[in-house]
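Naming: A, B, ... by sequence-line order, numbering from 1 per chain. Hydrogens, waters and symmetry mates are skipped; everything else that's a heavy atom, side chains included, is used.
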Amino acid sequence: MDHLDRLEAQSIFILREAYKKFGKLGMLWSIGKDSTVMLWLAKKAFFGHCPFPFIHVDTTHKIPEMIAFRDRMAKEYNIELIVHTNQEALDAGMGPDKGRLVCCKALKTDGLQQVVTKYEFEGLILGIRRDEEGSRSKERVFSERNKDSEWDYTNQAPELWDQFKTDFPKGNHIRVHPILHWNEMDIWAYIEREKIELVDLYFAKNGKRYRSLGCAPCTGQIDSNAVTVAQIIEELKNTKVGERAGRAQDQEDSYAMQKLRKDGYM
Amino acid sequence: MDIAREVLNIVVVGHVDHGKSTVIGRLLYDTKSLPEGAIDRVKRIAKEKGKPFEYAYLLDAFEEEQKQGITIDTTQLQFRTDKRDYVIIDAPGHKEFLKNMISGAASAEAALLIIDANEGIQEQSKRHGYILSLLGIQKAYVLVNKMDLIQYSEEKFNAIKQEMNEFLTSLHVYPLKYIPVSAFHGENITASSDKMPWYKGEPVLKAIDLFEKDKGLEGKPLRFPIQDVYKFDSRRIIAGRIEAGTLRTGDEILISPSNKVTKVKSIEYWVEKDKVDQISAGMSVGITVEDEFFNQRGEFISHTYDAPITSDTFKVSLFWMGKNDLVKNKEYKLKLATQEVECEIYAINKVIDATTLENLENASQAKTNDVAEVTIKTKREICFDEFRNNQNTGRFVIVDGYDVCGGGIVTGLAQERQSVSKFLKQDDEITAKCFDEYYYVFTEGGIKKIEGVPHSFSLGDVIPSTGVTYEYPADFNVVDIRTGLIAIIRKSKLQDIISMKLLTYEQSPFIDSQGAFIKIHSEEDFNNFAADLEKLQQSEISRTAAFANQWFDFMKFRQIRYLTATKSLEIEYQI
């Protein structure tokens, strides 16, 4: 087994634990590279089937190519897709001009919370990774949220030997993180090996490409000429810039992500 | 990207403020493993908080951690050397965050134990050393940090080294190296320090490349705990992760504890390139089998010739992290591999103060952060191995309420159990092997005896006169050749134990204590037998076989049944 085999095997083990343990289970699909890798891992874990719905929390500010890719892939992969928008907030005029963190909280965190409540999810699968930022580096694989989706990060449950937290009071839910142990380079190496199709925003056009995908107003491009996965891998080997440097909400405050994530952000 | 590179997980442990996060921060900084901006961000935070720059802030990402200058929860970060990739795990040193330290350390294969040169060995230095031994982490280096505070003194370094070595050796943790460092000043971290020319060993960065990774799980006996059974389409797929060993299409397998034997029909896959005919330890797989028994999560697949232990009572060492004490006569949930079972603490054999290694005498409970040796009784039989034989299937967690509150390792079966059955009457006793079963075992190509459940039968007790491979009448006598004592069984109860000389002959048959019929059909036979036996007892042992061949008919009340494979048919705990 090589490094990618081991990462894959661990992720599949986690996905299968989640499927076995949670009657109401859904996977968040942000259309980005990480959650698209997770979609692929789920197909492998369940031998070509996807026995739970995929959820896209649509802020309506997403880059249009992402939506087109989402709808096409949902058909090709034959998955059940739940698209949810916090319409109430949008109607009240919510947008990035109200403040980036306020907007993230309303359209993403609250939007997600509405989905959890509406479908009564006990388990939510998310594609976050430890190497992305500080508060994620402290996450558990099975991480409990209370009924308001809040994360009690200073008092996390012990997690050892792949015996995950599967007992919790009704109303709470578990965030399941199957690729927590992967890093950005692993993701790209795996995409290359498995030949996983991605939204083409990741590949350079006119000397620019997206390294991390989010909402259009808050996601910047990087200078790049990488048009293939192999070229992206080569580019990443030589960069010292953080993956999420182009994500404006992260830079708002020293503890921006911690604050967002405490309230239920992904 | 070289995906063939190996990855080693190293945990950094030790007492609070001895510099764990600083060692890691320094390693990351000096190996240029940090993205641009990370150092600037930390400098900015330090300035905002009005504090001096701390490498630890690189890991202690939570605001609470940076404000208080402590590590609350474990962090995992990656960095690489020329040799391989590392996941370095920072663990908190505060006693109150021990559960987080354990969460971090449990995923490590090697450890760096940090000791402050100035403060010396403290409570958590020892407790963490103990936890390492319980987690089975045998690869460890001790880093004596803050050497600058003791003027890089070799003498003081040696004193700490000797004291810690004595402690760790008693736990069977043998540190491979002791390295004097000053993490804040970068001495002996990536390069040899010119402040400590007396230290001839490698600096930390070079030393960690010398840890050797565990190998050979593939070659161990097969352990494939069933995680789930899928029926999404026409295939009925048994899914799970192989914890040890190797499995091939066509292999004969045993499913425990239900004890069913079948063959692997296929190894399943989704994408064509994943098609294989052999799978081994570490892989998450799916198989179909020839006989579609009812299978369920928790069962163990093994080869027929190398089954796991199946038992409901076993001895363990565990650490307790629960808010409530670990007590007897309370229902807990035990999770081992994919098994979940209700259990209780049958006996608390020893509670140990992990810092002094003193036994707390007659402790009736284990408190938070205690280490204990206990006997666990599960509601039904489960499969496992002793931890020393297989780490993955020899460790478990205990859930109290909603939380994992303890973790432990199986050290063996309950030893207090009696090993053989006996007939007892005051001072007289006869070893009763007549309830053992005999099988012809195909996989072993021979006859094997499996001992019955050990029990002491007193006068009036009902005895198991019918087993799987024997059937005695309701009335019979058991002769102990060695002592000449006879156990008299009437209506399947032990009626009396008397000396053969005192027995008045009646028609009930005689067997020896192994269950062989003794050819006594009349009072005359009985008298001859008694006379022969008396002679035997006075002569040499070499005559025993001739005596047995003359008098015994082993198969009269017995038969030999066939068995595909023996499992370690472990004996129930005797209560």
Side-chain angles (χ1 to χ4, degrees), chain A residues 1-6 8-13 16-17 19-20 43-49 51 130-131 133-135 137-138 140 144 153-154 156-163 165 167-169 180-181 183 185-186 188-189 192-194 233 236-237 239-243 245 254-255 258-259, chain B residues 1 3-7 32 35-38 41 44-45 48 59 61-64 72-78 85 87 99-100 102-103 106-107 227-228 230 232-233 235 237 239-241 268-271 274 280 282-284 286 297 321 333 335 392 395-397 399 401-405 407:
Chain A
M1 288 178 90
D2 67 24
H3 177 53
L4 292 180
D5 293 332
R6 281 188 289 268
E8 179 191 72
Q10 178 68 4
S11 298
I12 289 174
F13 179 81
R16 287 175 175 171
E17 283 299 280
Y19 176 61
K20 181 71 195 176
K43 294 285 272 190
K44 276 206 180 184
F46 306 109
F47 303 97
H49 301 266
R130 286 203 174 101
D131 74 322
E133 55 87 29
S135 73
S137 75
K138 302 253 177 187
R140 299 285 190 264
E144 191 176 8
Y153 59 90
T154 58
Q156 296 201 76
E159 184 168 88
L160 54 157
W161 303 327
D162 290 343
Q163 296 294 356
K165 182 158 182 82
D167 300 279
F168 52 94
L180 195 59
H181 55 299
N183 64 32
M185 193 66 111
D186 298 329
W188 284 109
E192 173 80 340
R193 186 178 87 171
E194 303 286 314
I233 290 171
L236 289 178
K237 272 189 197 168
T239 186
K240 292 296 305 177
V241 178
E243 180 183 8
S254 297
Y255 307 104
Q258 175 185 334
K259 286 171 183 168
Chain B
M1 181 74 190
I3 54 165
R5 280 167 68 88
E6 62 177 24
V7 181
K32 302 187 169 50
E36 213 170 73
R41 183 170 173 271
R44 190 178 78 215
I45 290 168
E48 280 170 18
L59 296 110
F62 290 145
E63 186 171 13
E64 290 79 352
I72 294 172
D73 211 333
T74 179
T75 313
Q76 299 195 3
L77 289 165
Q78 303 182 4
D85 294 339
V87 174
K99 67 185 172 69
N100 296 340
I102 289 168
S103 299
S107 57
Q227 191 176 8
D228 210 342
Y230 300 135
F232 297 123
D233 44 40
R235 299 170 293 180
I237 300 175
R241 181 171 60 193
E268 293 298 323
Y269 57 93
W270 174 48
V271 277
D274 292 345
S280 55
M283 297 182 182
S284 285
R297 178 181 166 93
M321 309 175 273
K333 181 156 83 180
K335 293 166 93 172
N392 291 342
R395 60 197 182 190
F396 60 89
V397 298
V399 178
Y402 295 126
D403 298 316
V404 169
C405 286

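- Taking Q78(B) as the reference, N183(A) meet the side-chain hydrogen bond (donor to acceptor under 3.5 Å, both in side chains) condition, with sequence neighbours excluded.
- For S284(B) against A9(A), the heavy-atom pair with the smallest separation is OG-O, 2.7 Å.
- Q156(A) touches chain B through backbone and side chain together, each having a heavy atom under 4.5 Å away.
- Of the residues considered (K259(A), H181(A), E194(A)), E194(A) shows the highest number of contacts with chain B, using heavy-atom pairs under 4.5 Å.
- Note on R395(B), K99(B), E268(B): by heavy-atom pairs under 4.5 Å with chain A, the leading option is R395(B).
- The candidate from A106(B), S280(B), G240(B), G401(B) with the greatest count of non-hydrogen atom pairs under 4.5 Å with chain A is A106(B).
- Chosen from A239(B), S107(B), C405(B), the residue pairing most often with chain A at heavy-atom distances under 4.5 Å is A239(B).
- Ranked by heavy-atom pairs shorter than 4.5 Å toward chain A, the options R235(B), K32(B), Q76(B), M321(B) are led by Q76(B).
- Ionic pairing of D5(A) and R193(A) is present here: one or more N-O contacts between side-chain nitrogen and carboxylate oxygen are shorter than 4.0 angstrom.
- Between chain B and the residues K43(A), Q10(A), E8(A), the largest count of heavy-atom pairs under 4.5 Å involves K43(A).
- At a 4.5 Å heavy-atom cutoff, the contact between K165(A) and chain B is made by side-chain atoms alone.
- Scored by the side-chain hydrogen bond (donor to acceptor under 3.5 Å, both in side chains) test, K335(B) finds T166(A) as partners (sequence neighbours excluded).
- Applying the salt bridge (charged side-chain N to carboxylate O under 4.0 Å, His left out) test between D73(B) and each of R130(A), K138(A), R140(A) identifies R140(A) as the sole match.
- Of the two parts of K333(B), only the side chain, counted from C-beta on, holds a non-hydrogen atom closer than 4.5 Å to a non-hydrogen atom of chain A.
- The aromatic ring centroids of F232(B) and F47(A) lie 6.0 Å or more from each other.
- Note on G48(A), G134(A), P51(A): by heavy-atom pairs under 4.5 Å with chain B, the leading option is G48(A).
- In plain terms, the two heavy atoms of F13(A) and Q227(B) that are nearest each other are O-NE2, 2.9 Å.
- The candidate from V399(B), D228(B), N392(B), I72(B) with the greatest count of non-hydrogen atom pairs under 4.5 Å with chain A is D228(B).
- Of the atoms belonging to V271(B), it is side-chain heavy atoms, and not backbone ones, that fall under 4.5 Å from chain A.
- Look at R297(B) and E17(A) and you find a salt bridge, because one of the NZ, NE, NH1 or NH2 atoms lies within 4.0 Å of a carboxylate O, short of that distance.
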